[in-house]
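First comes the structure, then the notes that go with it.
So that the names make sense, note that chain A is the first sequence line, chain B the second, and so on, each numbered from 1. Quick caveat: nothing in here was measured; it's all calculated off a predicted structure. Every heavy atom of this structure was used, including side-chain atoms; hydrogens, water molecules and symmetry mates were not.
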Protein chains: 4
Amino acid sequence: MKDKPKYKQIIEAAVEVIAENGYHASQVSKIAKKAKVADGTIYLYFKNKEDILISVFREKMGTFIDGAKRAIDDEQTANDKLFKLIEMHYSQLSESPYLAIVTQLELRQSKSELRHEINKVLKSYLDVIDSVIEFGLETGEIDKKFNPQLIRQMIFGTLDESVTTWVMKSQRYQLVEQVEEMHTLLTKGFFK
Amino acid sequence: MKDKPKYKQIIEAAVEVIAENGYHASQVSKIAKKAKVADGTIYLYFKNKEDILISVFREKMGTFIDGAKRAIDDEQTANDKLFKLIEMHYSQLSESPYLAIVTQLELRQSKSELRHEINKVLKSYLDVIDSVIEFGLETGEIDKKFNPQLIRQMIFGTLDESVTTWVMKSQRYQLVEQVEEMHTLLTKGFFK
Amino acid sequence: MKDKPKYKQIIEAAVEVIAENGYHASQVSKIAKKAKVADGTIYLYFKNKEDILISVFREKMGTFIDGAKRAIDDEQTANDKLFKLIEMHYSQLSESPYLAIVTQLELRQSKSELRHEINKVLKSYLDVIDSVIEFGLETGEIDKKFNPQLIRQMIFGTLDESVTTWVMKSQRYQLVEQVEEMHTLLTKGFFK
Amino acid sequence: MKDKPKYKQIIEAAVEVIAENGYHASQVSKIAKKAKVADGTIYLYFKNKEDILISVFREKMGTFIDGAKRAIDDEQTANDKLFKLIEMHYSQLSESPYLAIVTQLELRQSKSELRHEINKVLKSYLDVIDSVIEFGLETGEIDKKFNPQLIRQMIFGTLDESVTTWVMKSQRYQLVEQVEEMHTLLTKGFFK
DNA sequence: GATGAATGAGAATTCATTCAT
DNA sequence: TATGAATGAATTCTCATTCAT
């Protein structure tokens, strides 16, 4: 009952409601009902509906990014850091099926203002990827001839697309089993 | 039906209206106005609003996919085919800035049902990518140890993310200049 | 069926709904129902709810003011003009009991923005009163020592208050029977 | 109850909040905040929001009416009594700019039920005016041919309208300077 | 007496779609 | 075919009031 329980209740309810009903069918009243609070209570903790959604993303991505950061800090090479990053990306989303649906499918349907806020949060994650690339450039593991931005686009694009595929296939296979192969594909390419 | 001039007028109007106003501010009446037809006329050519948007995607992606297919058919190696694929992906979207905005940003805001239909169309493009991978496996250019699905996710994810980045940066740089480097990154990876 | 019948239908319905239910209980849907149109139709003719109310006032006061103007134009002396003004003020409101309720009681409950618009319309009526005073000053009927603004406040305040009293007493007596006495009171005062 | 300090705090806070924010933006929570009490505390002293507003009017008008009564009691003629009445009406409102705004503009926006209660309070003031007229009829200063109700409507309507004009012109001129001229206008009329 | 977190009813407006002409 | 006026369902947010502490 401590530490603003209602705030967390509402956040968790929002994730579930969006995952179950889809972004466009997620009325405030539905979220309130699932959180077991009155509609008006929502507005004691959030400015408006958009604020709920941004907060969901911020809270959840915050944890996600922190997890990724901590994991790669433990590793000594860019190669290992990248491996860990892929592993964390897959494992964290695997463990929160609702969150995966929300981030990969539903929240992308939001209108521009909200998307803008979401992109800000996403930026922090891209920064983490950039830091791994930067590290690899320093250690010499990655060739300096490459544009780091393109490398990052490849890494994030690949991870994002593979998770989306997994979500759209109803999360029916084990994402984490792909870690090693994806790591090899990204670092070595697929041509002999 | 699809040969009628009004049908094409409406499709073209829809692309422009969505690119200029964003998905959520693209009312049927706006599309009708830009197409210079009455609101009701729209419904003589399309079942409903969703049908317009799917048709936009189908028509435009059809041309896009045909272009890609024709281009890779001319090449003899998987390596060259992939190079051409990347080049066509970038060049075709570069030449249709409106279309790029619509496919990369706006249409992704549509609700799940529409997204489902869009994914069907997208499937044809993924099939083209798959055919290149298939070809590479047959010629031995690509190692059989890799899961082709993962390779495809990497290729598509990378292309898609790089175009989205370019659109979000207001298309301020030349996408096609990245073709060669992206091709190297995908085929050889970025590790020494 | 000619000359924007829906517009007038809605205006008339609005007057009745406000008079019967009071300003605060006059929902758009109630007005639409009484006008026998769909809720959405209202918005083809009016920008928003406030616009309906302003239009009601403008339309009705327009007629009211025109009536007053035409009546005083026929008279040759300030004395007669004032008499006619009082007569028209009373008779026009007597003939439209709903309108009287709306202008004397309900519309005064509106919020500042709307009140502002209403005051603009009211200003035209005050101008008519001012023109009578002006005329009287020119003919010498009214002593130049008086501040015309104060005279106008006395005339309008008296008429307004007497109509409000009549409305609040449920319009149970004949307002027009007071014309002559009110005219005497205003012009000669009530002291011997 | 009415002697409790919190009661008076809330009344004073209400006047200020309404004058500063307008009737429609005067939430109970705002009044509570300005009165430095909790929202719930309000309901220990007042039945509901309407009760606050009526009490504001009752308390303030009580003082106002008492002032007027005392002033006219000192005078010996109806003429002097009326003069004093006008003077007190103007001076008391001049000295309480907030109160003037609240009574002339904001409280008139309240819904009919509240207006009804306000009118009851106002009735006491009209009684005071009536007593002056009565006195004048007895002394013979006022002609018995006039309907006293109409005289009262003229006096109150004129005073009320002139104060409203002054408030709407942002209280930029001296109301009390008009006392003498208004008195002349009311008693003698403005026709030669 | 005092608090303030929680409640939940209530209403304006948009826009895809229809159908009489 | 083509029109466009009319339809009406659907949802966020505010704020007076309560009541457990």
Side-chain angles (χ1 to χ4, degrees), chain A residues 1 4-7 9-10 24-33 35-52, chain B residues 1 4-7 10 24-33 35-53, chain C residues 4-7 9-10 24-33 35-53, chain D residues 1 4-7 10 24-33 35-53:
Chain A
M1 263 307 176
K4 288 200 178 177
K6 297 255 154 85
Y7 178 87
Q9 251 166 264
I10 295 165
H24 290 279
S26 296
Q27 297 88 340
V28 171
S29 60
K30 244 180 212 164
I31 296 173
K33 199 171 180 183
K36 287 178 185 162
V37 299
D39 291 18
T41 304
I42 300 264
Y43 293 87
L44 296 177
Y45 295 91
F46 301 91
K47 218 170 73 239
N48 49 34
K49 187 181 178 181
E50 200 172 294
D51 191 29
I52 308 175
Chain B
M1 184 74 102
K4 300 287 174 70
K6 301 233 159 138
Y7 177 87
I10 295 166
H24 290 280
S26 295
Q27 296 86 343
V28 170
S29 60
K30 245 182 211 164
I31 296 173
K33 199 172 179 184
K36 288 178 184 163
V37 299
D39 292 17
T41 305
I42 299 263
Y43 292 86
L44 297 175
Y45 295 89
F46 300 91
K47 216 169 78 239
N48 49 34
K49 186 181 180 180
E50 204 171 290
D51 190 27
I52 310 174
L53 303 176
Chain C
K4 287 198 178 179
K6 298 255 154 88
Y7 179 86
Q9 252 166 264
I10 295 165
H24 290 279
S26 296
Q27 297 88 340
V28 171
S29 60
K30 244 180 213 164
I31 296 172
K33 200 170 178 183
K36 288 180 184 161
V37 298
D39 291 17
T41 304
I42 300 264
Y43 292 88
L44 296 177
Y45 296 91
F46 301 91
K47 218 170 72 241
N48 49 35
K49 187 180 178 181
E50 200 172 293
D51 191 28
I52 308 174
L53 304 176
Chain D
M1 184 73 100
K4 300 290 176 68
K6 301 233 160 138
Y7 177 87
I10 295 166
H24 290 280
S26 295
Q27 297 86 344
V28 170
S29 60
K30 243 181 213 165
I31 296 172
K33 199 171 178 184
K36 287 179 185 163
V37 299
D39 292 17
T41 306
I42 299 264
Y43 292 86
L44 298 173
Y45 295 90
F46 300 91
K47 215 171 77 239
N48 49 33
K49 187 181 179 181
E50 204 171 290
D51 191 27
I52 308 174
L53 302 176

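As judged by a 4.0 angstrom heavy-atom cut-off over every strand, C/Tyr45 is placed among residues touching the sugar-phosphate backbone only.
In this structure, the CG atom of A/Asp39 is 9 Å from the P atom of E/dG8, given to the nearest Å. For D/Tyr7 and E/dA2, the OH to C1' distance is 19 Å, given to the nearest whole Å. Between the OH atom of A/Tyr43 and the C1' atom of E/dG4 there is a distance of 21 Å, given to the nearest Å. Taking atom NZ on B/Lys49 and atom C1' on E/dT14, their separation rounds to 11 Å, with Å as the unit. Across the protein-nucleic acid pair, A/Lys36 atom NZ and E/dG8 atom P stand 15 Å apart, rounded to whole Å. If you take CD1 of A/Ile42 and C1' of E/dT7, they are 12 Å apart, rounded to a whole angstrom. Between C/Ile31 atom CD1 and E/dA11 atom P there is a gap of 13 Å when expressed in whole angstrom units. Protein atom CD of B/Gln27 is 4 Å distant from nucleotide atom P of E/dC15, rounded to whole Å.
Using cut-offs of 30° and 60° for the angle between ring planes, the A/His24 and B/His24 rings count as tilted.
Between B/Ala32 and B/Asp39, the shortest heavy-atom contact is CB-OD1, 3.5 Å. For B/Gln27 against B/Lys49, the heavy-atom pair with the smallest separation is CA-NZ, 4.4 Å.
For B/Lys6 and A/Val28, each mapped to the nucleotide of DNA chain F holding its nearest heavy atom, the one lying further toward the 5' end belongs to B/Lys6. Nearer to the 5' terminus of DNA chain F, by closest-nucleotide assignment, is the contact made by B/Ala38 (compared with the other of B/Ala38 and A/Ser26). Taking the nucleotide of DNA chain E with the nearest heavy atom to each of C/His24 and D/Val37, the more 5' of the two is matched to D/Val37. Nearer the 5' end of DNA chain E, as judged by each residue's closest nucleotide, is the contact made by C/Ser29, out of B/Ala25 and C/Ser29.
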Checklist entry - How does DNA chain F look in dot-bracket notation if pairs are Watson-Crick or G-U with both distances under 3.5 Å, crossing ones as [ ], other-strand ones as |? => result .||||||||||||||||||||
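If you check E/dA2, E/dT13, E/dA16 against the side chain of D/Leu44, the one that comes closest is E/dA2.
Interface limits on DNA chain F: the 5'-most and 3'-most nucleotides within less than 4.0 Å of chain D heavy atoms are F/dC15 to F/dT18.
Atom CD1 of C/Ile52 sits about 6.0 Å away from atom OH of C/Tyr43, to the nearest 0.5 Å. Atom-to-atom distance recorded for A/Lys6:NZ and A/Ile42:CD1 is 11.0 Å, nearest 0.5 angstrom.
For C/Tyr45, the ring-ring contact (aromatic ring centres under 6.0 Å, His included) criterion is met by no residue, not counting sequence neighbours.
Residues C/Val28 and C/Ile31 fail the side-chain proximity criterion, which asks for heavy atoms closer than 4.5 Å.
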